[in-house]
Amino acid sequence: MTTLSGNSYDRSIMPLARDQCICLRKIDYSETSQILLLLSREHGLLRVIAKGAHRRTKAGASNFDGGLDLLDLGEGVFIYDSAKELSTLTAWSLREGHLDLRRTLRPIYLAQFAAELVGNLIEEHDPHPETFDRLVRCVDDLATPKLEESFLAFELDLLRDTGYLPELESCVSCSRRVMGDPAVYFSPARGGVVCRNCESLIPDRQPIDVRLIRMLQSLLSLPRANGAPARLPRLTRHQTDPINRLMIGHVEYTLGKPLRLRRYVV
Ligand SMILES: [Zn+2]
């Protein structure tokens, strides 16, 4: 955390903090203000109000560069109190507005869905600097041909870090390893793979190509650099859609609610 030097009065009762942040959700609040969900690098998820975010001075400037947009990456200054539900964002300086990403729909849907996943799977005020760095990298990659594999790798790391990754090696019913099996099933409710002997016992099981499970396992065990796979294989939606569907189904079951943007992604 960086604490800004202010006057002693401010310092004693209102710690000001400066941190890199990505905007995960925004609601315009009154004509000039915004309520935002930010993922900050060092302070975790933050709900903030940006008062006067849309207000501009005659010189065209505001403390918020004219307001935040989804997925904007920048440096925020906020009055930080972890006991409060809503912190106050006092200044924002945009570092990356991702204009490349915003030209076509698929990258923007994947980026917004990544933001929705992060906003739902991470607890507030619980710092996840690695997730922050991976989200920054993933959003950058979504503007390139590497978008499908980058999104999937980000999703898997996020699920693993937050304890939402399903069981992919052994049957969730009988614990037998399934990798040699010709047919494998997956249960979103039980959170993992199901073997052929047990499939009749698990009502929500869905057949899944065993090659996709193997691909998932190899993605998870790729050599890593700076907390993310160093080099990803190229993947198409033909490969990633069935996996995303299973992962999202499992997350929705575990959260007990549908994810808003899933229909735009799979
Ligand atoms: Zn079994």
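Computed over heavy atoms, backbone and side chain alike; hydrogens, waters and symmetry mates excluded. Numbering of ligands and ligand atoms starts at 1, following listing order.
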Has the side chain of Gln20 got a donor or acceptor atom that lies under 3.5 Å from a matching backbone atom of Arg41? no

So Arg211 and Gln239, side chain to side chain donor-acceptor pair (under 3.5 Å) or not? Walk me through it. CA-CA 10 Å; Arg211 286 170 300 181; Gln239 294 162 299; over 6 Å; no

Proximal protein heteroatoms (N, O or S) of the Zn ion (ligand 1), under 2.8 Å: Cys171 SG, Cys174 SG, Cys195 SG, Cys198 SG

Restricting to ring-ring contact (aromatic ring centres under 6.0 Å, His included), what partner residues turn up for His98, sequence neighbours left out? none

Could you list the donor-acceptor pairs under 3.5 angstrom formed between side-chain atoms of residues 255-266 and any protein atom two or more places apart in sequence or on another chain?
| residue | atom | partner | partner atom | Å |
| --- | --- | --- | --- | --- |
| Lys257 | NZ | Asn120 | OD1 | 2.7 |
| Arg262 | NH1 | Glu252 | OE1 | 2.6 |

Return each pair, listed once, that meets side chain to side chain donor-acceptor pair (under 3.5 Å) where at least one residue sits in residues 222-233; pairs must be two or more places apart or across chains. Asp157-Arg224

For a quick test of reading the model, state the closest non-hydrogen atom pair linking Arg196 to Pro182 and the distance between them. NH2-CG, 4.0 Å

